[in-house]
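The block underneath contains the structure these notes are about, expressed in structure tokens.
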Protein chains: 2
Amino acid sequence: MLGNAPPCPPERLEAHLRERGILPTRQRLRIARVLFAKPQHLSAEQVLALVNREAPPVSKATVYNTLGLFARKGLIREVIVDPSKVFYDPNTRPHHHFYNVDTGTLTDVDPEAVSLGRLPSPPEGTVTEGVDVIIRIRNG
Amino acid sequence: MLGNAPPCPPERLEAHLRERGILPTRQRLRIARVLFAKPQHLSAEQVLALVNREAPPVSKATVYNTLGLFARKGLIREVIVDPSKVFYDPNTRPHHHFYNVDTGTLTDVDPEAVSLGRLPSPPEGTVTEGVDVIIRIRNG
DNA sequence: GTCAGTGCAAACCCTTTGCAGAAAG
DNA sequence: CTTTCTGCAAAGGGTTTGCACTGAC
């Protein structure tokens, strides 16, 4: 297995949010705790369920707003592989994904295992923001 | 410019559908004609609008069903880059995309310009179905 | 005549928004 | 005290579904 260390230890979460200019409220910290517990890929729905395993419940709107905020501020990365939902990845370093279309599961690709040769330069007047490589797999 | 030849000439469309086991009905042919007119990336909504520039109108449900059918049968490729809509690409050969997050526009990457080095082997019990490389760009 | 395809409208589901109340600084 | 965040419920928007009608073979 690779990368099983939590992307951000619980005791650093508050500082981590502040560094990015995010006010660390109760709800945001609880959401961050779930996201950064370990390397994983959660949908908004899953985050909502995990956060609300303990009372008091956090509302759906707050979870969606917070995930959007974290992504905009660069704390987490949105992974778009399924038209029906977005996944959130606490690992913001460049890396790629396997997407199992049968199970709907997202897995990190060992960065060592890919050599993503030369990239094309973006069209005139645009700049590259990021590169997503998604390897679609199915149960063989 | 690259790849401006229609992916499938109009007169071959009917045969093309039959080869894939798709009954070429009036509506399906009209949808295919729009998709295969030239290399492009259309959303379901755009296909609907283009098809219905001439009467009689094709219903929304038929467009969605047909696009799903074509994709399942391998005539076109679904490109998932935006959580809010799916794009359909008549070019089913392996190739990659620029996605302009400002304009929501999808562009083909010149295949010559990318060298997609070594790919990792898929996890045990799975087979690779395809690889999507999406280069997210924004207006610089 | 039988089976598949089509059209319409309603249902679905993830996500976003509006607004009043609560909490942070 | 001011500004920001939260919660609720309702709205939004792309996509899917149910079912009766039509058309293909």
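Note that these values count all heavy atoms, side chains included, but never hydrogens, waters or copies made by symmetry. In what follows, chains are A, B, ... by sequence order, proteins preceding strands, each numbered from 1.
End-to-end axis angle of the helix from dG1(C)-dC25(D) to dG25(C)-dC1(D), using five pairs per end and rounding to 10°, comes to 30°.
Aromatic ring orientation, H41(B) versus H95(B): tilted (interplanar angle from 30° to 60°).
Counting heavy atoms from C-beta outward, Q27(A) and T66(A) have side chains that stay 4.5 Å or more apart.
Of the two residues near DNA chain D, E45(B) and R26(B), the one whose nearest nucleotide lies more 5' is E45(B).
Note on D108(B) versus R93(B): no salt bridge recorded, every NZ/NE/NH1/NH2 to OD/OE distance being 4.0 Å or above.
Among all heavy-atom pairs drawn from G74(A) and R20(A), the shortest one is O-NH1, 3.2 Å. Taking both residues in full, the closest heavy atoms of V101(B) and E129(A) are given as CG2-OE1, 4.0 Å, listed atom of the first, atom of the second, then distance. Of all non-hydrogen atoms in P90(A) and L35(A), the two that sit nearest each other are CG-O, 3.4 Å.
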Side-chain polar contacts of residues 47-55 of chain A - donor-acceptor pairs under 3.5 angstrom, sequence neighbours left out - could you list them?
| from | atom 1 | to | atom 2 | distance (Å) |
| --- | --- | --- | --- | --- |
| N52(A) | OD1 | V58(A) | N | 2.6 |
| N52(A) | ND2 | V58(A) | O | 3.0 |

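Around atom CD of E45(A), no more than 12 heavy atoms belonging to other residues, nucleotides or ligands sit under 6.0 Å away.
Residues from residues 54-73 of chain B that place a heavy atom under 4.0 Å from any atom of DNA chain C, listed by number: P57(B), V58(B), S59(B), A61(B), T62(B).
For F36(B) and H16(B), the ring centers are positioned less than 6.0 Å apart.
A side-chain contact (heavy atoms from CB on, under 4.5 Å) with P122(A) is found for exactly one of T107(B), I137(B), V109(B), namely I137(B). Paired with L75(A) under the rule side-chain contact (heavy atoms from CB on, under 4.5 Å), one option of L67(A), I22(A), T92(A) passes, and it is I22(A).
Not counting sequence neighbours, the partners of D102(A) by the side-chain contact (heavy atoms from CB on, under 4.5 Å) test are N100(A), R138(A), N139(A).
Taking the 5' to 3' direction, DNA chain C first and last meets chain A under 4.0 angstrom from a heavy atom at dC14(C) to dG25(C). Interface limits on DNA chain D: the 5'-most and 3'-most nucleotides within less than 4.0 Å of chain B heavy atoms are dG14(D) to dC25(D).
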